[in-house]
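Structure first, commentary second.
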Amino acid sequence: MTTESEKLRHDLRRLLGAANVLTAKEDLIAYSFDGTAALQQMPGGVVFASSTADVAGILKLANEYKTAVVTRGSGTGLSGGSLPSQDCIVLCTVKMDKILELDRANLTMLVEPGVTTLQIADAAVSAGLFYPPDPGSMKISTIGGNVAENSGGLRGLKYGVTRNYVMGLEVVLPNGEVMWLGNKCVKDVAGYSLKDVFIGSEGTLGVITKVLLRLIPKPVAKKTMVATFAQMDQAAEAVSAIIAAQIIPCTLEFLDRMTIHCVEDFARIGLPLDCEALLLMETDGHPVVVAEEAAQMEKICREQGCLEVRVAKDDAEATKLASARRSAFSALARVAPTTILEDATVPRSELAKMIRFVEATAKKYKLRVGTFGHMGDGNLHPTFLTDERNKEEMHRVEEAFKEIFDEAMRLGGTITGEHGIGLAKKSFLPKFAGEAQMRVMRELRHVLDPNGILNPGKMFD
Ligand SMILES: Cc1cc2nc3c(=O)[nH]c(=O)nc-3n(C[C@H](O)[C@H](O)[C@H](O)COP(=O)(O)OP(=O)(O)OC[C@H]3O[C@@H](n4cnc5c(N)ncnc54)[C@H](O)[C@@H]3O)c2cc1C
């Protein structure tokens with residue numbers, strides 16, 4: 001260890017207290033990876049901030065010592081965003097975990113970045129309100145991570161993603177300066193919307209230290225149902241017909257045969273196994289509208305030749321049916337040592353084509369794949385079940401993904417619908433974004449972070 005890094009550790013301990021600075025190898029291992037398969041890198045140290053002033057102090061020291069800082073919430077990211085860079089400081093926000101204000105007059109909630117998504121959802125419900133974004137990881141993911149990734153969830157089709165609920169942000173810039181963006185006004189067009197630049201910036205432009213969230217009234221009623229199909233195309237047609245009938249369900253998710261079997265094996269929900277595709281549909285709102293939409297969706301599925309429609313009789317059954325989708329990733333992850341989950345996304349009209357392409361590509365490269373995802377918004381999760389110790393198979397997985405992302409772009413889609421670029425999809429970004437966009441993003445980042453302190457090597461170099 002150099003004298004410089006010893007001095008930095010000393011200064012960090014003085015700033016944060018020794019208990020908030022980890023440097024022992026056995027402590028650092030837990031922070032050397034995130035939710036992304038096959039990526040690991042030891043950091044130089046891990047620090048826990050408890051306040052905005054702590055974050056500002058850490059960033060000032062990092063600039064002084066020219067040391068990289070990687071911000072980390074719960075480390076559930078699926079694109080390697082919070083993976084440490086070599087010898088960096090991991091700045092962990094989980095101790096900034098307070099709900100600071102719930103404003104019933106303005107329907108807003110002010111929170112620190114380490115509050116979990118579920119805590120926010122529960123606090124909203126206890127005030128009779130609703131915070132819709134519900135990433136599959138919501139029990140542990142932090143709101144800071146959600147904002148930095150602009151995370152989506154199962155309700156994205158009707159209610160949108162994290163961005164749609166962020167009214168304001170407090171951000172510490174890479175040089176330690178504190179900036180507040182946005183406010184409680186429903187309308188505000190003063191200056192550039194810089195708040196939106198930080199949403200989805202994956203920890204590369206600043207550290208989010210407070211989030212002002214928009215809440216909405218809680219829907220009074222909800223109906224959950226599952227439909228199964230003998231062919232994937234029928235399920236895709238049913239989705240198109242539901243949207244064409246001007247029904248926007250809050251959830252319209254699908255599972256393919258492989259995923260259905262893995263989920264049933266794992267969760268014993270009682271799903272029918274003799275089908276190629278399963279649709280999970282939820283409609284919420286006024287009870288009359290909910291009943292009408294549910295009946296229409298059932299009719300549409302039957303017209304498309306579905307095998308069976310099961311409507312949940314009560315909340316307990318609804319939760320059980322929804323858990324089929326919520327447990328998809330965990331269920332697939334039991335099958336092989338390494339689970340690589342991606343999120344190629346296409347316009348809804350191209351879904352069936354994209355699903356067929358994923359299946360054909362898996363066959364071509366002799367790989368096992370399970371696909372599930374947000375069918376209503378074109379966001380697919382092709383998940384390869386592999387083993388990172390098998391280098392030859394990992395190479396085939398990489399080749400398969402290249403083809404899948406190329407096809408997604410060819411169909412007018414994107415290389416990531418919600419998991420972000422991070423390290424995992426960095427090589428695909430230049431082709432997707434084009435020269436002008438890459439230049440503007442690089443220049444913006446350089447203006448904010450001239451010393452390249454924050455999350456170096458992520459998203460782009
Ligand atoms: C089982 C499972 C299911 C998932 N389901 C979904 C899903 O449905 N939808 C979805 O969108 N994602 C999903 N994810 C991915 C992941 O949970 C989300 O990206 C989540 O928002 C990450 O939150 P986190 O607190 O774990 O952030 P981390 O993984 O710690 O960090 C993610 C990124 O955000 C940055 N960051 C974190 N906190 C801050 C901050 N305060 N300021 C600035 N930058 C910050 C990090 O540097 C990193 O680049 C899932 C992951 C798993 C493991």
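Computed over heavy atoms, backbone and side chain alike; hydrogens, waters and symmetry mates excluded. Counting starts at 1 for both ligands and their atoms, following the listed order.
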> How would you list, by chain and number, every residue that makes a salt bridge (charged side-chain N to carboxylate O under 4.0 Å, His left out) with R13, sequence neighbours excluded?
Replying inline: none
> Under a strict 4.0 Å criterion on non-hydrogen atoms, which protein residues are in contact with ligand 1?
Replying inline: T71, R72, G73, S74, G75, T76, G77, L78, G81, S82, T93, P113, P135, G136, S137, S141, T142, G144, G145, N146, A148, E149, S151, G152, E202, G203, G206, V207, I208, F329, E418, H419, N455
> Does the side chain of L454 reach to within under 4.5 Å of the side chain of T204, using non-hydrogen atoms?
Replying inline: no
>> Classify the ring geometry of H419 against H381: parallel below 30°, tilted from 30° to 60°, perpendicular beyond 60°.
In response: parallel
>> Could you tell me if the side chain of T67 sits less than 4.5 Å from the side chain of D87, heavy atoms only?
In response: no
> Regarding R396 and the six-membered ring of F384, is the cationic atom NZ or CZ under 6.0 Å from the ring centre and inside 45° of its axis?
Replying inline: no
>> Do F254 and I355 make a side-chain contact, defined as non-hydrogen atoms from C-beta onward lying under 4.5 Å apart?
In response: yes
